[in-house]
S.K.: 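A single structure is presented below for examination.
Because only heavy atoms are used, hydrogens play no part in the values below, and waters and symmetry mates are left out as well, while side chains stay in. Small disclaimer: the values here were computed from a predicted structure and weren't measured.
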Amino acid sequence: MYCPKCGTENKDDSKFCTNCAQELIVNEFNTVEKISSKKLYSAHLINIISSVVLIISIILIAYGVSTATGGVNTETTQNGITHSTTNATVTFDTSGAPIAYISCALDAIVVILGLIIYFTKSVSAKRKLAYIYMIFAFLITVLFFFAGIRTISFTCGLGFVLTVSGILQIVAGSKFLSALKND
């Protein structure tokens, strides 16, 4: 068995290369699978960063929904009678909030899936999970974009933050797939 990193010949039952200590992962055909550990690690880091962006997105959505309606009331007192007048009422469209919350829940599942990919030993399982990861990351990005369009915050720029987590996950998914490519 030859090391995919340095090319050194190793015993067939070796777990690590005797020259460079690269882990030798054998598939069902008794051939060594190539894994780029640097790309796998960078995909893992990007996945974790996307989870931080996800938390920020949830906070922004909650803040946007909580401040979506408001008005300016004026109270005046004449002859002992208090009069309340509404000068202006501002209402923002929050119809995209449920879609955004659903997207956040799916996004959290994808973050967990990324962690499973990183810690799974089987390369073929990693590869299958990476494809699922990519499909869901793309779906979530589209959902976040749609949720952003449905809210006024999109025009103010905050809606774009919703798509960042999904975009980061697409990048992480491409790195997962690149790290697990089958040459």
Side-chain angles (χ1 to χ4, degrees), residues 1-61 96-149 159-183:
M1 170 183 328
Y2 291 92
C3 175
K5 185 175 180 183
C6 69
T8 302
E9 186 174 2
N10 295 282
K11 293 180 182 178
D12 287 338
D13 60 345
S14 296
K15 300 265 187 212
F16 296 95
C17 176
T18 56
N19 183 41
C20 68
Q22 170 72 32
E23 184 177 8
L24 303 174
I25 299 173
V26 179
N27 65 15
E28 59 271 13
F29 304 110
N30 278 342
T31 58
V32 175
E33 298 266 359
K34 284 191 173 184
I35 293 182
S36 173
S37 57
K38 287 181 184 178
K39 287 182 183 176
L40 195 64
Y41 184 72
S42 67
H44 178 60
L45 286 179
I46 292 170
N47 186 50
I48 291 171
I49 291 169
S50 77
S51 67
V52 172
V53 173
L54 170 65
I55 292 167
I56 293 169
S57 296
I58 292 170
I59 292 168
L60 286 175
I61 295 166
I99 298 167
Y101 283 126
I102 291 168
S103 300
C104 288
L106 290 172
D107 200 359
I109 292 169
V110 172
V111 167
I112 293 167
L113 184 61
L115 294 172
I116 292 170
I117 291 169
Y118 186 73
F119 292 110
T120 298
K121 297 292 182 193
S122 169
V123 176
S124 61
K126 281 181 188 262
R127 194 173 292 115
K128 289 174 188 172
L129 290 172
Y131 282 114
I132 294 169
Y133 183 98
M134 280 296 287
I135 291 167
F136 275 100
F138 180 74
L139 174 69
I140 288 165
T141 304
V142 170
L143 285 173
F144 273 137
F145 187 76
F146 183 68
I149 287 173
F160 284 117
V161 174
L162 298 176
T163 60
V164 172
S165 179
I167 292 169
L168 285 171
Q169 287 179 339
I170 290 173
V171 171
S174 66
K175 286 190 176 284
F176 277 132
L177 290 173
S178 176
L180 300 167
K181 69 181 172 185
N182 197 9
D183 290 333

S.K.: Students often mix this up, so state it plainly: with edges at 30° and 60°, are the rings of Tyr118 and His44 parallel, tilted or perpendicular?
M.R.: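 Answer is parallel, since the angle falls under 30°.
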
S.K.: Which heavy-atom pair separates Ala125 from Thr120 by the least distance, and what is that distance?
M.R.: CB-CG2, 4.0 Å

S.K.: Can you name the closest pair of heavy atoms from Leu143 and Ser103 and give their distance?
M.R.: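 Answer, listing the atom of Leu143 first, then Ser103: CB-OG, 3.0 Å.
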
S.K.: Determine whether Tyr133 and Gln169 make a side-chain contact, defined as any pair of heavy atoms from C-beta on separated by less than 4.5 Å.
M.R.: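 Of all side-chain heavy-atom pairs linking Gln169 with Tyr133, at least one is under 4.5 Å.
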
S.K.: Which atom pair, heavy atoms only, marks the closest approach of Asn10 to Ser14?
M.R.: CB-OG, 3.9 Å

S.K.: Using every non-hydrogen atom in the two residues, find where Ala130 and Leu177 come nearest and quote the distance to one decimal.
M.R.: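 Heavy-atom minimum between the residues: CB-CD2, 3.4 Å.
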
S.K.: Which atom names give the shortest non-hydrogen contact between Lys126 and Ile117, and what distance separates them?
M.R.: NZ-O, 2.9 Å

S.K.: Are the side chains of Ser165 and Leu168 in contact, using a 4.5 Å heavy-atom criterion?
M.R.: no

S.K.: Has the side chain of Thr141 got a donor or acceptor atom that lies under 3.5 Å from a matching backbone atom of Ala137?
M.R.: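 Yes, because the side chain of Thr141 sits within donor-acceptor range (under 3.5 Å) of the backbone of Ala137.
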
S.K.: Any side-chain heavy-atom pair from Leu139 and Ile135 closer than 4.5 angstrom?
M.R.: no

S.K.: Please report the C-alpha distance between Val110 and Leu106 in whole Å, then the side-chain angles of each, then the deciding distance to 0.1 Å, and finally whether the side chain to side chain contact (heavy atoms under 4.5 Å, CB included) criterion is met.
M.R.: CA-CA 6 Å; Val110 172; Leu106 290 172; 5.6 Å; no

S.K.: Among Met134, Lys128, Arg127, whose side-chain contact (heavy atoms from CB on, under 4.5 Å) with Tyr131 holds?
M.R.: Arg127

S.K.: Within the 4.5 Å heavy-atom criterion, are Phe136 and Ile109 side-chain neighbours or not?
M.R.: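 A side-chain contact is absent here, since even the closest heavy-atom pair is not under 4.5 Å.
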
S.K.: Strictly distance-based, threshold 3.5 Å: is any side-chain N or O of Ser42 a donor or acceptor partner for the main-chain N or O of Lys39?
M.R.: yes

